[in-house]
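What follows is one structure encoded as structure tokens, with my remarks underneath.
Reminder, nothing fancy here: chain letters follow the sequence lines and each chain counts from 1. Keep in mind it's a predicted model, so treat the numbers as computed, not measured.
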2 protein chains.
Amino acid sequence: MKIEIKDQYQETFKEFLTRKGLRVTNQRLAIFNAAFTCGDHFTAEDLLDKARNLDDSVSRATVYRALPLLTESNLIREVDVGKDYKYYAANKDVKTFQAQVICMDCEKIFEIDAPFMEWYGKTVAEKLLLSVEDQRLQVSARCDQLKSKGSCDRISQK
Amino acid sequence: MKIEIKDQYQETFKEFLTRKGLRVTNQRLAIFNAAFTCGDHFTAEDLLDKARNLDDSVSRATVYRALPLLTESNLIREVDVGKDYKYYAANKDVKTFQAQVICMDCEKIFEIDAPFMEWYGKTVAEKLLLSVEDQRLQVSARCDQLKSKGSCDRISQK
DNA sequence: ACTCAATTGAGACTCAATAACATTCTATCG
DNA sequence: CGATAGAATGTTATTGAGTCTCAATTGAGT
């Protein structure tokens, strides 16, 4: 069943490419499939590794070239955590606006539904006569309390 | 009068340094003063230029070493605009939580009071048993409509 | 199958930020 | 007040994510 859903998204990706006059290549499909089998949040480098498992000819440059296509087609989204590298996440079935809560110790990312925020950000921006493209509520936190519960697994290594 | 206020902040900075057993150096003071005479939002490189006007011995490394001290002492704040470099702003008299609205065309940054957000972000994080360190609401927008009003002065150059 | 533009991989490159290290300078103590 | 320890500095090299170049390859319409 999970496979069927992924294939459906893959179809969307193929349609997106052809509609834009772009080619459906093995590398692009490998990168797409990697994005949809990566864990929740992944970096470009994570994606490169995963994609190379599916097609070992995939290069770093191609991953970076594919990422804008995947975001433009709304299949993945950027998750900016204020570090000097970006995270991404597959848009599997996200409907509502989400706030991102990032643990500064273990870099774990929680995404929490926050539908009210979407309206709020728009209101703020439109007061300035700006047209909203994107918005994010980011909360930097520490999971001291979580450690005792075993939910904070990583110690900041990157 | 403006000078008096700045001197007051400078005193805070000096106290911060000595309280932490750090030294009050010319370079650190030059960087502090530069931060408080830069425009609204500045990059590390902007700060280096301004600081060198006050003390031409200031090096890039020292600026990068001073920035965490200035943020830790709450005299400046990071303003992350999702680019690959960071902006900073002096905390002159900001009391309330502010949302950041960034024009994707001209890179102009608007900071808008959004006191409600502070409560909201905390609520979200504390549901996860996380202790909040910092939070930001960032809205990416385009100022097409502003251009006609002449408020969008820069065309993306960086 | 043929063709040609789109796409690719390899590697050079950019640029913000950091690290290493020998030298300089601050603040304290005698 | 001058000596001293070690904090801070500038210089230079380095990192690392992301971008660019270009010759070689490949997809897809014919």
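- With hydrogens and angles ignored, no donor-acceptor pair closer than 3.5 Å exists between the side chain of B:Arg23 and the base of D:dA8.
- If you measure from atom NZ of A:Lys14 to atom P of D:dG27, you get 13 Å, rounded to the nearest angstrom.
- Nucleotide D:dA8 forms a Watson-Crick or G-U wobble pair with C:dT23, both donor-acceptor distances falling under 3.5 Å.
- One atom, CG of A:Leu22, and another, C1' of C:dA5, lie 12 Å apart when rounded to the nearest Å.
- B:Gln27 and B:Asp55 share no side-chain donor-acceptor pair at under 3.5 Å.
- Rounded to an integer number of Å, the gap from CG of B:Leu48 to C1' of C:dA16 is 12 Å.
- Note on B:Thr25: a side-chain N or O is less than 4.0 Å away from OP1 or OP2 of D:dT9.
- Under a 3.5 Å cut-off, the side chain of A:Thr96 and the backbone N or O of A:Asp113 do not form any donor-acceptor pair.
- Atom C1' of nucleotide D:dA7 and atom NZ of B:Lys20 are separated by 14 Å, given to the nearest angstrom.
- Summarising the geometry, atom CD belonging to A:Gln100 is positioned 8.5 Å from atom CG belonging to A:Leu137; distances are rounded to the nearest 0.5 Å.
- Between A:Glu78 atom CD and D:dG18 atom C1' there is a gap of 12 Å when expressed in whole angstrom units.
- Taking the side chain of B:Ala44 as heavy atoms from C-beta on, and the options C:dT26, D:dG18, C:dA17, the nearest nucleotide is C:dA17.
- B:Arg136 and A:Ser140 share a side-chain donor-acceptor pair at under 3.5 Å.
- Checking side-chain atoms of A:Arg77 against main-chain N and O of A:Ala90 turns up a donor-acceptor pair under 3.5 Å.
- OP1 and OP2 of D:dG18 both lie 4.0 Å or more from every side-chain N or O belonging to A:Arg60.
- A sub-4.0 Å separation between OP1 or OP2 of C:dT7 and a side-chain N or O of A:Thr62 is absent.
- When the side-chain nitrogen and oxygen atoms of A:Ser57 are compared with OP1 and OP2 of C:dG9, one or more of them lie within a distance under 4.0 Å.
- Rounded to a whole Å, the CG atom of B:Leu67 is 14 Å from the P atom of C:dA16.
- Ranked by how close their nearest DNA chain D nucleotide is to the 5' end, A:Thr18 and A:Ala61 are led by A:Ala61.
- The phosphate of C:dA6 (OP1 or OP2) has no side-chain N or O of A:Arg65 nearer than 4.0 angstrom.
- At the phosphate of C:dT7, neither OP1 nor OP2 sits under 4.0 Å from any side-chain N or O atom of A:Gln27.
- Between A:Leu17 atom CG and D:dG29 atom C1' there is a gap of 17 Å when expressed in whole angstrom units.
- Not one side-chain nitrogen or oxygen of B:Tyr64 sits closer than 4.0 Å to the OP1 or OP2 atom of C:dT18.
- As a whole-Å value, the separation of B:Asp84 CG from D:dT19 C1' is 10 Å.
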